[in-house]
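All heavy atoms count here, side chains included; hydrogens, waters and symmetry mates do not.
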Amino acid sequence: MTDAPSARGAEIGRRIGVGLMYGLFKPRVLGAWRVPASGPVILAVNHSHNIDGPMVMGVAPRPTHFLIKKEAFVGPLDPFLLGIGQVKVDRTTADRTAITQALAVLKNGGVLGIFPEGTRGEGDFASLRAGLAYFAVRGGAPIVPVAVLGSTERRGRLTKALPPLRIRVDVVFGDPFQAGDGSGRRTRKALDEATVRIQGRLGAHLENARRLTGR
């Protein structure tokens with residue numbers, strides 16, 4: 001039996017995220033109250049910059065276990081990320097360990113963070129992988145769309161990999177919704193249909209977030 005990622009570790013990660021993100025940048029958080037206060041939840045986050053994950057970890061109202069590609073677990077980051085309850089994923093295969101850990105997070109009533117586009121890109125939810133639908137349907141968890149805006153507008157002068165210090169980054173949480181059709185089906189067809197539903201909801205949330213923030 002694969003152990004669930006540490007809930008206590010995720011809480012420590014959240015506190016670190018709060019200190020770093022509010023210390024380095026100026027997050028503006030909208031709609032955090034929409035995240036259910038208890039029970040399993042999936043945060044579906046657009047992904048255009050490498051600070052998006054830490055930013056959401058720092059501003060979300062609950063500790064979050066993110067699915068993170070195994071390539072990020074290098075050197076001292078490996079024990080650190082595992083210690084703060086994050087889930088290492090091998091994207092080249094059906095990573096059974098990662099799947100079991102992610103489902104354990106939901107079964108324990110925790111928050112699972114997913115970048116549904118699978119990799120860093122335009123951050124527009126245009127290309128979704130089926131994994132988000134699988135976890136939402138199998139774990140019976142509502143999805144809360146999250147838009148991170150402003151992290152790619154300008155590059156930092158000191159460190160090109162980071163946005164400029166004290167730049168404003170908007171994080172907009174949307175209304176929770178169920179991905180499934182209520183039938184409980186987990187067939188390929190049901191998951192494909194759920195993915196289409198999810199893409200529509202995430203795309204609409206991103207449009208609304210841009211309108212709301214003027215970005």
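- A distance of 11.5 Å separates CD1 in Ile68 from CZ in Arg91, rounded to the nearest 0.5 Å.
- To the nearest 0.5 Å, atom CG of residue Asn208 and atom NE2 of residue His205 are 7.5 Å apart.
- Remark: side-chain polar atoms of His49 are not paired, donor with acceptor, to backbone N or O of Val148 under 3.5 angstrom.
- Hydrophobic clustering places Leu202 together with Leu112 (ILVMFWY residues linked when any side-chain heavy atoms are closer than 4.5 Å, directly or through intermediates).
- Grouping Ile, Leu, Val, Met, Phe, Trp and Tyr residues whose side-chain heavy atoms lie under 4.5 Å apart, directly or via other members, leaves Val196 alone, with no other cluster members.
- Scanning for side-chain hydrogen bond (donor to acceptor under 3.5 Å, both in side chains) contacts around Arg15 gives Glu11, with sequence neighbours left out.
- The shortest side-chain heavy-atom distance between Pro163 and Ile51 falls under the 4.5 Å cut-off.
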Do any side-chain atoms of residues 133-146 form donor-acceptor pairs under 3.5 angstrom with protein atoms, and if so which ones, sequence neighbours left out?
| residue | atom | partner | partner atom | Å |
| --- | --- | --- | --- | --- |
| Tyr134 | OH | Arg138 | NH1 | 2.6 |

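- Sequence neighbours left out, the pairs with a member in residues 52-111 that pass ring pair (Phe, Tyr, Trp, His ring centres under 6.0 Å) are Phe66-Phe115.
- For Asp181, the salt bridge (charged side-chain N to carboxylate O under 4.0 Å, His left out) partners at least two apart in sequence or on another chain are Arg185.
- Annotation: side chain of Val105 is in contact with side chain of Pro5 (closest heavy-atom distance under 4.5 Å).
- Taken from CD in Glu193 to OG1 in Thr195, the straight-line distance is 10.0 Å, to the nearest 0.5 Å.
- Leu165 and Val59 fall within the same hydrophobic cluster, where Ile, Leu, Val, Met, Phe, Trp and Tyr residues are linked whenever their side-chain heavy atoms come under 4.5 Å apart, directly or through other members.
- Remark: Ile42 CD1 to Ile114 CD1 distance equals 5.0 Å, nearest 0.5 Å.
- Nearest heavy-atom pair, Ala60 versus Leu43, reported as atom, atom and distance to 0.1 Å: CB-CD1, 4.2 Å.
- Rounding to the nearest 0.5 angstrom, the gap separating the CD atom in Gln101 from the CG atom in Leu82 is 8.0 Å.
- Thr97 places no side-chain N or O within 3.5 Å of a backbone atom of Asp95 that could act as its donor or acceptor partner.
- By the side-chain hydrogen bond (donor to acceptor under 3.5 Å, both in side chains) test, Thr187 pairs with no residue at all, sequence neighbours left out.
- If you chain together hydrophobic residues whose side chains sit under 4.5 Å apart, Ile12 and Met21 fall into the same group.
- Here salt bridge (Lys or Arg N to Asp or Glu O under 4.0 Å) pairs that include residues 76-86, with residues two or more places apart or in two chains, are Asp78-Lys88.
- With sequence neighbours excluded, no residue forms a salt bridge (charged side-chain N to carboxylate O under 4.0 Å, His left out) with Lys26.
- Under 3.5 Å, the side chains of Thr92 and Asp90 contain a donor-acceptor pair of N or O atoms.
- Atom-to-atom distance recorded for Leu103:CG and Asn108:CG is 11.0 Å, nearest 0.5 angstrom.
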request  = Evaluate side chain to side chain contact (heavy atoms under 4.5 Å, CB included) for Phe177 paired with Arg197, printing each intermediate quantity in order.
outcome  = CA-CA 10 Å; Phe177 66 93; Arg197 272 193 295 276; 5.9 Å; no
Output side-chain donor-acceptor pairs under 3.5 Å for residues 28-38, partner residues at least two apart or in another chain, one line each.
| residue | atom | partner | partner atom | Å |
| --- | --- | --- | --- | --- |
| Arg28 | NE | Asp170 | OD1 | 2.8 |
| Arg28 | NH2 | Asp170 | OD1 | 3.4 |
| Arg28 | NH2 | Asp170 | OD2 | 3.1 |
| Arg34 | NE | Asp175 | OD1 | 2.9 |
| Arg34 | NH1 | Phe173 | O | 3.1 |

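- Using modelled atom types, one side-chain atom of Arg166 and one backbone atom of Gly23 make a donor-acceptor pair closer than 3.5 Å.
- Scanning both residues, Ala10 and Thr64, for their nearest heavy atoms gives CB-O, 4.1 Å.
- Using a 4.5 Å cut-off between side-chain heavy atoms of Ile, Leu, Val, Met, Phe, Trp and Tyr, with links allowed through other members, Tyr22 and Ile84 fall into the same hydrophobic cluster.
- In terms of hydrophobic clustering, with Ile, Leu, Val, Met, Phe, Trp and Tyr side chains grouped at heavy-atom distances under 4.5 Å, Val56 and Val169 are assigned to a common cluster.
- Nearest heavy atom pair, residue Met57 against residue Arg14, reads O-CG, 3.2 Å.
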inquiry  = Go through it in stages, so that I can follow the logic: the residues are Asn46 and Asp52, the test is side chain to side chain contact (heavy atoms under 4.5 Å, CB included), and I'd like the CA-CA distance, side-chain angles, deciding distance and then a yes or no.
reply    = CA-CA 8 Å; Asn46 67 323; Asp52 295 340; 5.5 Å; no
